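Notes for the one structure printed next.
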Amino acid sequence: MRFGTKAIHAGVEPDPTTGAIMTPIYQTSTYVQESPGKHKGYEYSRTHNPTRTALQKALAALENGKHGICYASGLAATDAVLKLFRPGDEIIATNDLYGGTYRIMKRIFEPFGLVFRFVDMSQAGTVEAAITDQTRMIWIETPTNPLLKIIDVAAVAALARARGIMSVVDNTFASPYLQTPLDLGADVVMHSVTKYLGGHSDTVMGALVLNDDELAQQLAFIQNASGAVPGPQDCFLVLRGLKTLHLRMQRHCENAVRVAHWLHEHPKVGRVYYPGLPSHPGHELAARQMRAFGGMVSFELRGDVYEEAVRVMENLQVFSLGESLGGVESLCTHPASMTHASIPAAERAQAGLKDTLIRLSVGVEDVEDLIEDLAQAIG
Ligand SMILES: *Cc1c(COP(=O)(O)O)cnc(C)c1O
């Protein structure tokens with residue numbers, strides 16, 4: 001099946017009792033057993049829930065993986081992955097990444113003895129140089145947040161595989177419509193389902209997709225044993241969101257290309273970060289690795305005056321100022337004070353994240369309205 005057909009049909013079957021075409025919201029905590037231990041495969045909703053099962057199958061199909069496992073948030077999914085490791089184990093992560101991922105690594109798991117090394121994975125050779133005998137996992141995020149650098153997933157995953165190291169890709173920014181990391185050799189795909197997969201800014205959820213049966217069993221064990229599971233209502237909302245993933249992504253990408261080119265030519269705009277621009281250092285790799293260039297665009301104003309960046313963010317009308325991304329509506333974020341405030345200023349600066357950077361999640365509105373809004377806001 002092709003992507004759009006899978007987005008609509010994968011994992012979903014008419015309800016066996018009524019024929020309902022939409023998977024019901026099984027709002028139940030427990031399931032009645034015929035006799036002790038004799039049941040229909042469902043015992044307690046932390047362990048299994050039919051609405052969640054349908055969603056997990058759909059997500060696995062979209063990422064071309066065998067197993068999908070959903071968690072209460074993207075960070076709960078990341079938390080489950082990190083719980084696979086033990087004191088002394090080393091993890092290499094990209095240095096431009098979601099602020100909360102950095103925070104859970106440094107503030108939650110480092111005190112338990114895990115060792116993290118952050119490197120610029122968009123530069124060849126940095127990962128190999130950081131590998132030691134203790135390296136157990138490589139955490140990739142591409143395109144990176146918020147600088148939209150592109151990391152060569154196939155190259156890093158091959159390097160990891162050759163040394164018996166697990167590779168994980170945070171695929172939140174691309175979504176499986178644009179890239180399927182398992183096909184590029186990665187072991188696990190992680191999603192903040194909250195973003196493009198849900199797509200309507202109404203749910204917080206995370207997911208992991210993978211092929212390895214044993215690893216899937218371990219991660220499902222953590223899902224149940226630690227208990228960070230999404231509720232059935234949220235699973236229903238994401239199942240509904242997935243049905244238009246291909247249509248939304250197509251429009252996000254078309255609109256973002258137009259916005260990026262318009263910003264690039266504006267005299268008051270300095271640097272524009274968008275992998276679809278030929279001037280972007282990762283453009284050729286992105287063209288090879290992704291099916292289009294995504295809906296996220298970051299930029300700085302010429303002169304880098306903080307107050308001017310703030311004025312633009314305050315002036316925007318169609319773009320709403322707020323955290324998050326990937327919803328149908330356009331959003332504008334100030335990473336330094338919002339999504340990336342948990343990364344110390346010195347490390348932000350080292351990674352190239354300026355306090356004047358503005359990040360846009362380009363929505364699926366009429367692009368002319370988005371460009372007119374940016375035009376009035378930049379002035
Ligand atoms: C939002 C986000 C996360 C965290 O997901 P939550 O659902 O907010 O917990 C992780 N990675 C990226 C790239 C994100 O944008």
Side-chain angles (χ1 to χ4, degrees), residues 55 59 63 68-83 91 93-109 116 118 121-122 139-151 153 168-179 181 186 188-209 223 226 228-231 234-235 237-238 241-242 249 252 256 273 275 290 294-298 322-327 331-336 338-343 351 353 357 359-363:
L55 175 60
L59 291 174
E63 281 290 359
I69 310 172
C70 288
Y71 297 86
S73 67
L75 281 173
T78 301
D79 178 80
V81 172
L82 293 170
K83 281 175 177 156
I91 289 155
T94 186
N95 69 343
D96 180 38
L97 84 176
Y98 178 66
T101 308
Y102 176 88
R103 182 176 56 196
I104 194 172
M105 289 175 171
K106 292 292 282 186
R107 304 276 300 277
I108 305 284
F109 283 91
F116 296 94
F118 297 92
M121 289 191 190
S122 65
W139 185 276
I140 303 165
E141 186 182 304
T142 182
T144 65
N145 181 2
L147 294 174
L148 300 159
K149 292 181 190 173
I150 303 295
I151 296 165
V153 174
V168 181
V169 177
D170 180 338
N171 204 26
T172 301
F173 266 38
S175 90
Y177 178 76
L178 297 180
Q179 80 191 4
V188 180
V189 173
M190 175 267 166
H191 272 287
S192 171
V193 175
T194 314
K195 317 293 168 51
Y196 286 109
L197 296 178
H200 295 75
S201 312
D202 52 11
T203 319
V204 172
M205 197 191 293
L208 300 173
V209 179
Q223 180 195 36
S226 285
V229 293
D234 285 348
C235 293
L237 286 171
V238 175
L242 286 183
M249 288 312 298
H252 280 299
Y273 302 82
M290 303 169 72
M296 301 299 296
V297 181
S298 295
E323 300 202 13
S324 202
L325 61 110
L331 280 177
C332 159
T333 299
H334 179 228
M338 296 180 183
T339 48
H340 290 68
S342 51
I343 300 178
L353 200 181
L357 188 84
R359 191 191 80 181
L360 302 177
S361 171
V362 179

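If you read the sequence from its start, that first residue is 1, and numbering goes on from there. Quick caveat: nothing in here was measured; it's all calculated off a predicted structure. In listed order, ligands and their atoms are each counted from 1.
Nearest heavy atoms, Met205 versus Thr194: N-OG1, 3.0 Å. Pairing each heavy atom of Asn145 with each of Arg359, the nearest pair is OD1-NH1, 2.8 Å.
Tyr102 and Phe118 have tilted rings, their planes meeting at an angle from 30° to 60° on a 0 to 90° scale.
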Enumerate, one pair per line, all nitrogen or oxygen atoms of ligand 1 lying under 3.5 Å from a protein nitrogen or oxygen, stating the separation to 0.1 Å; write 'none' if no such pair exists.
unit_1: ligand 1; atom_1: 5 (O); unit_2: Ser192; atom_2: OG; d: 3.0
unit_1: ligand 1; atom_1: 7 (O); unit_2: Gly74; atom_2: N; d: 2.9
unit_1: ligand 1; atom_1: 7 (O); unit_2: Ser192; atom_2: OG; d: 2.8
unit_1: ligand 1; atom_1: 7 (O); unit_2: Thr194; atom_2: OG1; d: 2.7
unit_1: ligand 1; atom_1: 9 (O); unit_2: Gly74; atom_2: N; d: 3.0
unit_1: ligand 1; atom_1: 9 (O); unit_2: Leu75; atom_2: N; d: 2.9
unit_1: ligand 1; atom_1: 11 (N); unit_2: Asp170; atom_2: OD2; d: 2.7
unit_1: ligand 1; atom_1: 15 (O); unit_2: Lys195; atom_2: NZ; d: 2.8

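Atom-to-atom distance recorded for Leu237:CG and Asp202:CG is 5.0 Å, nearest 0.5 angstrom.
There is no side-chain donor-acceptor pair under 3.5 Å between Thr142 and Lys149. Side-chain atoms of Thr172 and Asp170 include a donor-acceptor pair closer than 3.5 Å.
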